[in-house]
Visitor: 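Structure incoming, see below.
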Protein chains: 2
Amino acid sequence: MVRAGLTPERLTREGAELADEIGFDQVTVSGLARRVGVKVASLYSHLNDARDLKTRIALFALEELADRVAAALAGRAGKDALAAFADAYRDYAREHPGRYAAARLRLDPETAAASAGVRHAQMTRAILRGYDLTEPEQTHAVRMLGSVFHGYVSLEQAGGFGHTPVDPRESWAWIVDRLDALLRNPATP
Amino acid sequence: MVRAGLTPERLTREGAELADEIGFDQVTVSGLARRVGVKVASLYSHLNDARDLKTRIALFALEELADRVAAALAGRAGKDALAAFADAYRDYAREHPGRYAAARLRLDPETAAASAGVRHAQMTRAILRGYDLTEPEQTHAVRMLGSVFHGYVSLEQAGGFGHTPVDPRESWAWIVDRLDALLRNPATP
DNA sequence: CCCATTTGCCTAAAGCTATTAGGCAAATGC
DNA sequence: GCATTTGCCTAATAGCTTTAGGCAAATGGG
């Protein structure tokens, strides 16, 4: 019997690809086993259970996305950085919808604390250093940026923008522009 | 054998409650059958399949949310309307997390077109009439509002705001305030 | 009021996923 | 070169989905 050469890493990568193909929610241990050409039970030497698989894919996606964002951010500041951040985010979600969905999996606190999720938070705050915000405004802004970017990508992915003929890229650019203005300007009563 | 008196409506309502209790993703035909005290197969006289059940819950949630938003919006305009809209949205998601998740289910185009989803879109545009936006800016703004509100609620629900001691309600108020300013002011180059 | 039809819920069964237990052969290491 | 570890397999249990077929309760026309 020839061994298949499985490892948790290999399974995670294959799982991520599978997620992109059929959707993260549809990823199953059985399906992954079929994909790599072994019997289902064999995967349980490498994975604890289905949840473990999903968590690994999520961590993988978070790393990958953080790397991309970091690369996009390198040497940029201000609006330039904001736009690069936004685009890296949206592009990743479009190229890898399944992984993007995986990155949004709710992790338990310890796992999350040890994940690339913290790099995401740091990078978001780094962008905001280019603007003149004081605590707690910076926290509000972090939350707002996270919400807009995640929300937009999530709605776009769900096909929510198909009704209007307006190009989603234009809306994206407009939003980034307006957010930049919003962050640059002090409170306008 | 005493009849249980099931109807699609009753099952939808119970399904919505179940979703709030255990999460929309965890809702299953089997679980619903247990909840209403009948055997699983009995539900298939009232539902086509599991997908049908989920779709019904989604449509129900969309209606309910649209009703709430409409009520909140009545007689308001401008920032007042924006804040009422935002709060109705967030409050619903907090009170009924399962139904809120259901409302985000991707529906096929015809179903979506016949759903309360169109009321949501109309109401969002109605709010924006209080601001001075021209097409295509209005579309961009619709998308932005949808993104922020959905994104925020979704991140908050996922526990993404637990790390910082800043009260999510403060951030919410700040965001609504800044969005209002953003929409009131013309492009600031 | 009674019987025929419809309707509602049930049992049975097949197929798929998750997970555990135990076995045999391939790889590894002394 | 052999002992141990490791990797993948078969077998089996359990839950969810869905279809088929059956019996009893509700309904409605004569």
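Residue numbers start from 1 in every chain, and the chains themselves are labelled A, B, ... in the order their sequence lines are given, proteins ahead of strands. We use all heavy atoms of the structure for the numbers below, so side chains are in, but hydrogens, waters and symmetry mates are not. Treat the numbers as computed from the prediction; the structure is a model and nothing was measured.
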Visitor: Give the rounded distance in Å between these two atoms: OH of A/Y44 and C1' of C/dG23.
Guide: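 Spelled out: OH on A/Y44 to C1' on C/dG23 is 20 Å.
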
Visitor: In this structure, how many angstroms lie between the C1' atom of C/dA21 and the CG atom of A/L43, rounded?
Guide: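 For the pair A/L43 CG and C/dA21 C1', the rounded distance is 17 Å.
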
Visitor: Could you tell me whether the side chain of B/R104 reaches within less than 4.5 Å of the side chain of B/S154, counting heavy atoms only?
Guide: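 No, every pair of side-chain atoms sits at 4.5 Å or beyond.
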
Visitor: Reckon B/H46 has a side-chain N or O less than 4.0 Å from the OP1 or OP2 of C/dC9?
Guide: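 For C/dC9, OP1 or OP2 has a side-chain N or O of B/H46 closer than 4.0 Å.
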
Visitor: Would you say A/D108 and A/T111 are linked by a side-chain donor-acceptor pair, where the criterion is simply a distance under 3.5 Å?
Guide: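 A donor-acceptor contact under 3.5 Å links the two side chains.
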
Visitor: Can you tell me how far P of C/dG8 sits from CG of B/L11, to the nearest Å?
Guide: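 One finds 12 Å between P of C/dG8 and CG of B/L11, rounded.
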
Visitor: Does B/R34 reach a base, just sugar-phosphate, or nothing at all? Heavy atoms under 4.0 Å.
Guide: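 Sugar-phosphate: the residue B/R34, judged by heavy atoms under 4.0 Å, touches backbone atoms but no base.
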
Visitor: Classify the nucleic acid contact of A/A50 as base, sugar-phosphate or nothing, counting any heavy atom under 4.0 Å across all strands shown.
Guide: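 Answer is sugar-phosphate: A/A50 comes under 4.0 Å of backbone atoms only.
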
Visitor: Can you tell me which residue pairs pass the ring-ring contact (aromatic ring centres under 6.0 Å, His included) test with a partner in residues 95-136 of chain B, sequence neighbours excluded?
Guide: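 Residue pairs passing ring-ring contact (aromatic ring centres under 6.0 Å, His included), neighbours aside: B/Y89-B/Y100, B/Y92-B/H96.
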
Visitor: Would you kindly give the CD-to-C1' distance between A/Q26 and C/dC16, to the nearest whole Å?
Guide: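 Atom CD in A/Q26 sits about 14 Å away from atom C1' in C/dC16.
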
Visitor: Report the end-to-end axis angle of the helix from C/dC1-D/dG30 to C/dC30-D/dG1; each axis comes from five terminal pairs, and the value is rounded to 10°.
Guide: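 The angle separating the two end axes equals 0°.
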
Visitor: Whole angstroms only, please: what is the CG-C1' distance between B/L47 and D/dT19?
Guide: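 It is 15 Å, rounded to the nearest whole Å.
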
Visitor: Under 4.0 Å between a side-chain N or O of A/S42 and OP1 or OP2 of D/dG7?
Guide: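 No, no such contact exists.
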
Visitor: Near B/D132 CG, under 6.0 Å, is it more than 12 heavy atoms from other residues, nucleotides or ligands?
Guide: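 No, the 6.0 Å shell around CG holds no more than 12 heavy atoms from other groups.
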
Visitor: When the distance from CD1 of A/I22 to P of C/dT17 is rounded to whole Å, what number comes out?
Guide: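 Between P of C/dT17 and CD1 of A/I22: 10 Å.
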
Visitor: Could you tell me how far apart B/K39 (NZ) and D/dT17 (P) are, to the nearest whole angstrom?
Guide: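 Distance check: B/K39 NZ to D/dT17 P gives 15 Å.
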
Visitor: Between D/dC8, C/dC9, D/dA11, spot the one nearest the side chain of A/A41, thanks.
Guide: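 Ranking D/dC8, C/dC9, D/dA11 by closest atom to the A/A41 side chain puts D/dA11 first.
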
Visitor: Closest approach to the side chain of A/T28, judged atom by atom: which nucleotide of C/dC9, C/dT17, D/dT17 is it?
Guide: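 Among the listed nucleotides, the one closest to the side chain of A/T28 is C/dT17.
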
Visitor: B/G5 near the nucleic acid: base, sugar-phosphate alone, or nothing, with a heavy-atom cut-off under 4.0 Å?
Guide: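 B/G5: backbone/sugar contact only, no base atoms under 4.0 Å.
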
Visitor: Considering every strand and a 4.0 Å limit on heavy-atom distances, what is the contact class for A/L6: base, sugar-phosphate, or nothing?
Guide: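 Answer is sugar-phosphate: A/L6 comes under 4.0 Å of backbone atoms only.
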
Visitor: Please find the pair of heavy atoms, one from A/I127 and one from A/A81, that lie closest to each other, and give the distance.
Guide: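 Heavy-atom minimum between the residues: CD1-O, 4.0 Å.
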
Visitor: Hey, is B/E95 close enough to B/R68 for a salt bridge, meaning N to O under 4.0 Å?
Guide: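 So B/E95 pairs with B/R68 through a salt bridge.
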
Visitor: Could you check whether B/W172 and B/F149 have their ring centres less than 6.0 Å apart?
Guide: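 Yes; B/W172 has its ring centre under 6.0 Å from that of B/F149.
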
Visitor: Nearest to the side chain of A/S45, which nucleotide is it out of D/dT18, D/dC8, D/dA11?
Guide: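 Of all the options, the side chain of A/S45 is nearest to D/dC8.
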
Visitor: Would you mind reading off the distance between B/D25 atom CG and D/dC16 atom P, rounded to a whole angstrom?
Guide: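 For the pair B/D25 CG and D/dC16 P, the rounded distance is 16 Å.
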
